[in-house]
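Only this structure's heavy atoms are used, side chains among them; waters, hydrogens and symmetry mates stay out.
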Number of protein chains: 2
Amino acid sequence: MTETTPPADTPLPVIGVRTTRQRQAILAALTGRNHPMTAQAVHAALTGTGHRIGLSTVYRALHRLAEVGLLHVFDVGGERAYRRCPDTPHQHLLCDDCGLVTECPPQLVEAWLRELREATGFTPHPDRIDLHGHCAACPATPRSP
Amino acid sequence: MTETTPPADTPLPVIGVRTTRQRQAILAALTGRNHPMTAQAVHAALTGTGHRIGLSTVYRALHRLAEVGLLHVFDVGGERAYRRCPDTPHQHLLCDDCGLVTECPPQLVEAWLRELREATGFTPHPDRIDLHGHCAACPATPRSP
DNA sequence: CTCCGTGCAAAGCATTTGCATCCAT
DNA sequence: ATGGATGCAAATGCTTTGCACGGAG
């Protein structure tokens with residue numbers, strides 16, 4: 001009977017965030033994608049599919065949606081990219097080759113994070129673990145012939 | 001008798017990279033620092049201490065020095081920051097509070113990375129592991145009262 | 001002697017902001 | 001009705017680039 005652990009497919013409304021046509025369009029564009037998108041990319045995608053939305057609106061909306069936890073922010077080559085993420089704690093595996101983002105099974109990480117903290121005194125933030133590397137589909141060869 | 005594992009305090013020369021007054025100044029400013037610096041910060045620091053150097057030179061030099069492995073690049077709040085790093089493989093522990101960067105004992109990570117790869121098919125890049133969190137000196141409280 | 005590196009200024013781009021209007025609650 | 005959200009355009013700020021000169025190898 002509480003509002004904790006909402007189902008992963010409940011985009012909006014969220015307390016304090018208004019449901020607008022634009023925000024729903026942004027979430028729709030992002031949902032189901034495993035490659036994070038930049039603000040520019042989102043704007044281009046929406047504009048390209050006939051949506052009418054201002055660029056600054058995209059920036060502001062992405063900000064806000066990330067702030068309330070609906071989106072996660074990534075650093076892709078110095079630019080900020082966003083991805084629709086589950087509301088439950090998880091880590092990210094980032095393919096430097098194709099940009100694919102997958103989620104890491106939490107229990108696989110948590111034990112190790114604890115171990116790390118005990119050994120170093122450093123307390124890792126479980127929700128901000130982004131591991132760079134190569135996904136299964138992109139073997140060691142960065143540029144294929 | 002080989003040129004592998006050069007001492008960590010051998011800034012320049014490096015093959016293909018010329019030793020100039022400006023680059024030495026940049027490396028000097030970065031050496032011994034555990035907080036990565038942005039190009040702007042490096043430029044301000046050098047200018048402030050009487051050095052004569054162009055901003056674009058700083059950008060180009062940081063690029064180049066990172067390219068040859070003398071510096072490591074960090075994403076600090078969307079900006080690129082640079083840090084003098086040991087030439088041996090290592091991981092980074094990034095304090096989101098004070099910005100301190102420490103190195104993680106490699107053996108503490110490598111076993112886990114292997115485990116992760118076997119479980120997920122994802123191959124992490126050992127040299128690009130940046131773990132965000134709080135250092136021992138910055139306890140859980142982000143903003144103190 | 002040759003080229004890489006440098007400086008300066010201009011250009012490029014992603015992102016932010018001011019302000020009037022609009023609409024979700 | 002009220003305040004958050006939007007759109008447009010201008011502004012901001014980091015980063016890159018063109019070009020001529022200077023210095024390292």
Asker: Taking CZ from B:R21 and C1' from C:dG5, how many angstroms apart are they, rounded to a whole number?
Answerer: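 After rounding, the gap between these two atoms is 11 Å.
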Asker: Please tabulate, for the side chains in residues 27-45 of chain A, all donor-acceptor contacts under 3.5 angstrom to protein atoms that are two or more places apart in sequence or on a different chain.
Answerer:
unit_1: A:T31; atom_1: OG1; unit_2: A:L27; atom_2: O; d: 2.6
unit_1: A:N34; atom_1: OD1; unit_2: A:R83; atom_2: NH2; d: 3.0
unit_1: A:H35; atom_1: NE2; unit_2: A:C98; atom_2: O; d: 2.9
unit_1: A:T38; atom_1: OG1; unit_2: A:A41; atom_2: N; d: 3.1
unit_1: A:Q40; atom_1: NE2; unit_2: A:Y59; atom_2: OH; d: 3.0
unit_1: A:H43; atom_1: NE2; unit_2: A:I53; atom_2: O; d: 3.0

Asker: Calculate the interatomic distance between B:H63 atom NE2 and C:dG5 atom P; express it in whole Å.
Answerer: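 That distance rounds to 14 Å.
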Asker: How far does the helix from C:dC1-D:dG25 to C:dT25-D:dA1 bend, going by the axes of its first and last five pairs, to the nearest 10°?
Answerer: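 Result, rounded to 10 degrees: 50°.
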Asker: Do B:W112 and B:F122 sit in one hydrophobic cluster, given that two such residues count as connected whenever their side-chain heavy atoms are within less than 4.5 Å of each other, even indirectly?
Answerer: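 Looking at the clustering, B:F122 is in the same group as B:W112.
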Asker: Strictly under 3.5 Å: I want the nitrogen or oxygen pairs between protein and nucleotides 9-13 of chain C, one per line.
Answerer:
none

Asker: For A:H125, check side chain to side chain donor-acceptor pair (under 3.5 Å) against everything at least two apart and list the hits.
Answerer: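 A:H125 satisfies side chain to side chain donor-acceptor pair (under 3.5 Å) with no residue once adjacent residues are dropped.
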Asker: What's the CG-C1' distance between B:L62 and C:dG5, to the nearest Å?
Answerer: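 Going from B:L62 (CG) to C:dG5 (C1'), I get 14 Å.
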Asker: Nearest 0.5 Å please: distance from the CD1 atom of B:I129 over to the CG atom of B:L94.
Answerer: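 One gets 12.5 Å once the value is rounded to the nearest 0.5 Å.
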Asker: If you look only at pairs with a residue in residues 114-123 of chain A, which of them pass as a salt bridge (Lys or Arg N to Asp or Glu O under 4.0 Å), with sequence neighbours excluded?
Answerer: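 Applying salt bridge (Lys or Arg N to Asp or Glu O under 4.0 Å) to every pair that reaches into residues 114-123 of chain A, excluding sequence neighbours, yields nothing.
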Asker: Which value, rounded to the nearest 0.5 Å, describes the distance between A:Q91 atom CD and A:L113 atom CG?
Answerer: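 Here the interatomic distance stands at 6.5 Å.
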Asker: Can you tell which of D:dT15, C:dT15, D:dG7 lies closest to the side chain of A:Y59?
Answerer: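 Per side-chain heavy atoms of A:Y59, the pick is C:dT15.
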Asker: In Å and rounded to the nearest 0.5 Å, what is the CG to OH distance from B:L71 to B:Y82?
Answerer: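 Answer for the CG-OH pair, B:L71 versus B:Y82, is 8.5 Å.
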Asker: What protein N or O atoms touch nucleotides 2-5 of chain D N or O atoms at under 3.5 angstrom, if any, and at what distances?
Answerer:
unit_1: D:dG3; atom_1: N2; unit_2: A:R18; atom_2: NH1; d: 2.6
unit_1: D:dG4; atom_1: O4'; unit_2: A:R18; atom_2: NH2; d: 3.4
unit_1: D:dG4; atom_1: N3; unit_2: A:R18; atom_2: NH1; d: 3.3
unit_1: D:dA5; atom_1: OP1; unit_2: A:R23; atom_2: NH1; d: 2.8
unit_1: D:dA5; atom_1: OP1; unit_2: A:R23; atom_2: NH2; d: 3.1

Asker: Applying ring-ring contact (aromatic ring centres under 6.0 Å, His included), name anything that partners B:H92, two or more places apart in sequence or on another chain.
Answerer: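 With neighbours one apart ignored, the set is B:H72, B:F74, B:H90.
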Asker: Nearest whole angstrom, please: distance from the P of C:dA14 to the CG of B:D75.
Answerer: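 These atoms are roughly 17 Å apart.
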Asker: With sequence neighbours left out, write down each residue that passes salt bridge (Lys or Arg N to Asp or Glu O under 4.0 Å) with A:R60, or none if nothing qualifies.
Answerer: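 Partners of A:R60 by the salt bridge (Lys or Arg N to Asp or Glu O under 4.0 Å) criterion come out as none, since no residue qualifies.
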Asker: Can you tell me which residue pairs pass the salt bridge (Lys or Arg N to Asp or Glu O under 4.0 Å) test with a partner in residues 61-82 of chain A, sequence neighbours excluded?
Answerer: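 Residue pairs passing salt bridge (Lys or Arg N to Asp or Glu O under 4.0 Å), neighbours aside: A:R64-A:E67.
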Asker: Got a sec, which residues hit side chain to side chain donor-acceptor pair (under 3.5 Å) with B:D96, two or more places apart in sequence or on another chain?
Answerer: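 Only A:R128, B:H132 meet the side chain to side chain donor-acceptor pair (under 3.5 Å) criterion with B:D96.
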Asker: What residues form a side chain to side chain donor-acceptor pair (under 3.5 Å) with B:E110, not counting sequence neighbours?
Answerer: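 Once residues adjacent in sequence are excluded, B:E110 has no partner under the side chain to side chain donor-acceptor pair (under 3.5 Å) criterion.
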Asker: Calculate, to the nearest 0.5 Å, the distance between atoms CG and OG1 belonging to A:L108 and B:T120 respectively.
Answerer: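 The distance works out to 7.0 Å.
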Asker: What parts of residues 42-55 of chain A reach DNA chain D, counting only heavy atoms under 4.0 Å away?
Answerer: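 Nucleic-acid contacts, sorted: A:R52, A:I53, A:G54.
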